[in-house]
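These notes are about the structure you will find just below.
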Amino acid sequence: MLQSLHVKNLALIDETEVAFGEGLNILTGETGAGKSIIIGSINLALGAKADKEMIRSGAEYALVELIFTVEDAARQKAIQDMELPMEEGQVILQRKILPNRSVCKVCGETVTARQLRQLAEILIDIHGQHEHQSLLRTARQLEILDAYAGEALEEKKAKLRDVYHQYRKNEKELSENEMDEETRRRECSLAEFECREIEEAALVPGEDEEVEKAYQRMNNARKIEEAAVSAHTLCGYEDNGAGSMIARAIREIRSVAVYDETLQEYERQLLDIDGLLNDYNRGMAAYLGGLEFDGSRFAQTEQRLNLLNHLKSKYGSSVEEILAYRARALETIEKYQDYDTYRASLLEKTEKLKKEALSLCGEISDVRRKNAQTLAEQMRQALTDLNFEQAVFEIDVRSDETWMGENGFDQICFRISTNPGEPVRELAQVASGGELSRIMLALKTVLADKDDIETLIFDEIDAGISGRTAWKVSEKMGILGKGHQLICITHLPQIAAMADTHYVIEKQVVEQRSITGIRELSEKESVEELARMLGGDSITENALKNAEEMKELAGKNK
């Protein structure tokens, strides 16, 4: 649920903050007050394109912050899978817009705008004019039907995706390996040469690193010996080495330790140091005794390293990759030596996968057709409730094997007749903007039980409607608000009367500058706002009475 919105230095907004409630949150205000800025600020916080012109004149930056509470375990996991932070079930989104860039953060951690948009899909669903228009796309209609069908369909689609991708992979392999006999002979000859070259090297996994270390050690043998001798001398017991100095220090401390017990502890520490130094000197002496430079062995190591580097330059960056290359070359040899059998086997597997994919497409199509009938019937009822009297709504599912893809071989078309006697046509041929908004609301109502996104924002839901239709839309919003948090901007009093929480967006002039703000209304103020929406600038007693009656009627219909 969206808990709060904080906006600073954005367009006409100096600074404002609003806490949203559960159920239906209604935002009203006069034309030009800045209602679109509020929805725009939410979109910005969710990753929409930012423009420096949005920064309020005279300000260095604009800031938008949203706070969500996430209680659903599935959505919490989805956020965790994105490796984004949460704070005790809260997600804090922040977008700071600067003249040359913008900074996006989730719970204080910097993220990309793309990550914000992905997160938005989990947290909130925004429906404006653009979303209504998306109903006209057949791809969107297919998504809606599949969402309605739910898990039963998704399991089959997941299986189809695996089968279809393997089928396409086999098809690609068939296409890439279609060649004449002469080409096959050349490819086979090359693979045999490469295998022999790798086999003759008798590679051992990991040896490239060991050979490199051995080469570096031998190549720097003189430098190693000089440094080791110097270190041994400096720590030795001759020529004022560290060992002789420590021995002298022990004798000095021991000569006076009898007078101060504290010095006895320092003597023990020096004895420990002397013991460690003795161990070091013995070990270093043994190391120096084993140092020798074998020219013949160095030449062999250098030759081996050159061979390994040569093979790496041709077949891979490590011995393991070279051996993997050899394994693929052996497969190529086997394939081309019995090419007809290979092609026949691959063709058989491809055809089998195609049949399996088509069978799954058929099963998916059956599920879609069954759910299309149910969804269409529920949509007819929902549209009737929204004052589409005697509306006809159909979902046409057309199948064709030549359309097969990872989502099946169906094309979906929503068809509607909004008036009695009119033929059923595609949405794009019939529906106006206002009708599309009501159709979208009907869909959201029907899909409410299957929609796990808690917060829905409706912008322009009342476009092109009034009177009785507005009441119908209001009732539907009230029903939808029982299971979701709704945030709706409206200019119709019928819809505003249904509010569980009512906010007004106001524009004022302060020190000759326009400032837009938003505040929550009390019950009395809500009635007054409804009266303004009913009667205009002058709020009469009759307008107030009508507003009170409208509130009472809305309360009865909730």
Side-chain angles (χ1 to χ4, degrees), residues 1-30 32-48 50-51 54-71 85-98 102-109 111 116 119-120 123-124 126 128 454-459 481 485-490 496 499-511 513-526 528-529:
M1 186 175 83
L2 178 57
Q3 293 282 0
S4 66
L5 164 68
H6 175 217
V7 186
K8 184 176 181 179
N9 299 332
L10 185 71
L12 297 179
I13 297 175
D14 182 33
E15 185 166 16
T16 191
E17 186 166 357
V18 57
F20 293 106
E22 297 180 354
L24 179 56
N25 296 262
I26 291 293
L27 282 63
T28 60
E30 294 183 4
K35 295 188 292 294
S36 61
I37 298 174
I38 298 298
I39 296 298
S41 65
I42 294 174
N43 275 313
L44 281 174
L46 296 171
D51 193 319
M54 299 174 178
I55 302 174
R56 185 168 172 78
S57 176
E60 296 180 357
Y61 65 90
L63 180 71
V64 185
E65 185 177 84
L66 301 178
I67 300 179
F68 288 88
T69 54
V70 183
E71 297 178 354
M86 278 192 298
E87 295 180 357
E88 298 180 352
Q90 277 196 340
V91 178
I92 304 171
L93 280 67
Q94 189 182 82
R95 182 93 177 267
K96 189 174 184 179
I97 302 166
L98 300 161
S102 66
V103 180
C104 308
K105 292 186 177 182
V106 174
C107 294
E109 182 176 307
V111 298
L116 273 186
L119 182 58
L123 297 173
I124 196 166
I126 299 179
E454 186 176 357
T455 300
L456 309 175
I457 293 182
F458 285 96
D459 189 17
Q485 180 194 42
L486 268 63
I487 299 172
C488 176
I489 290 180
T490 184
D500 293 309
T501 313
H502 191 170
Y503 305 87
V504 65
I505 300 169
E506 300 170 313
K507 184 167 68 174
Q508 300 175 334
V509 177
V510 179
E511 297 180 355
R513 294 197 68 182
S514 296
I515 295 178
T516 290
I518 180 172
R519 63 185 178 88
E520 183 179 342
L521 299 179
S522 65
E523 188 72 18
K524 180 183 176 183
E525 289 173 324
S526 179
E528 291 173 351
E529 174 67 5

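For Glu22, the CD atom counts as loosely surrounded, since its 6.0 Å shell holds 12 or fewer non-hydrogen atoms of other residues, nucleotides or ligands.
The two residues Arg95 and Ser102 make their nearest non-hydrogen contact at NE-OG, 3.3 Å. Closest heavy-atom contact between Leu2 and Thr455: N-OG1, 3.3 Å. The minimum heavy-atom distance between Ser57 and Arg513, with the atom names listed, is O-NH2, 2.9 Å. Looking at every heavy atom in both residues, Ile37 comes nearest to Ala11 through CD1-CB, 4.0 Å. Closest of all the heavy-atom pairs between Val64 and Ser41 is CG1-O, 3.2 Å. Between Thr28 and Glu529 the shortest heavy-atom distance is OG1-OE2, 2.9 Å.
A distance of 7.5 Å separates CG in Leu46 from CD1 in Ile457, rounded to the nearest 0.5 Å. A distance of 9.0 Å separates NZ in Lys96 from NZ in Lys8, rounded to the nearest 0.5 Å. For the atom pair Glu506 CD and Ile518 CD1, the distance stands at 9.5 Å (nearest 0.5 Å). Rounding to the nearest 0.5 angstrom, the gap separating the CG atom in Asn43 from the CG atom in Leu116 is 12.0 Å. Expressed to the nearest 0.5 Å, how far CG of Leu24 lies from CG of Leu456 amounts to 10.5 Å. Here the CG atom belonging to Leu486 is positioned 8.0 Å from the CD1 atom belonging to Ile26, to the nearest 0.5 angstrom.
Residues passing the side chain to side chain contact (heavy atoms under 4.5 Å, CB included) test with Ala59 are Asn9, Ile55, Arg56, sequence neighbours excluded. Applying the salt bridge (Lys or Arg N to Asp or Glu O under 4.0 Å) rule to Glu525 yields the partners Arg519; only residues at least two apart in sequence or on another chain are considered. By the side chain to side chain contact (heavy atoms under 4.5 Å, CB included) test, Thr516 pairs with Leu12, Ile13, Ile505, Lys507, sequence neighbours left out.
A donor-acceptor contact shorter than 3.5 Å is absent between the side chain of Glu60 and the backbone of Leu98.
Taking 4.5 Å as the limit, every side-chain heavy atom of Glu520 sits out of range of all side-chain heavy atoms of Val18. Residues Leu93 and Leu123 are in side-chain contact: their nearest non-hydrogen atoms beyond the backbone lie under 4.5 Å apart. With contacts defined as side-chain heavy-atom distances shorter than 4.5 Å, the pair Tyr503/Ile38 does not qualify.
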- Message: side-chain contact (heavy atoms from CB on, under 4.5 Å), that's the test. Do Tyr61 and Val103 meet it? Break it down for me.
- Response: CA-CA 11 Å; Tyr61 65 90; Val103 180; over 6 Å; no
- Task: Go through the steps for Leu66 and Phe20 under the test side-chain contact (heavy atoms from CB on, under 4.5 Å), then give the verdict.
- Result: CA-CA 11 Å; Leu66 301 178; Phe20 293 106; over 6 Å; no
- Message: Working note: Glu15 + His6, criterion side-chain hydrogen bond (donor to acceptor under 3.5 Å, both in side chains); need CA distance, chi angles, decisive distance, verdict.
- Response: CA-CA 8 Å; Glu15 185 166 16; His6 175 217; 2.9 Å; yes
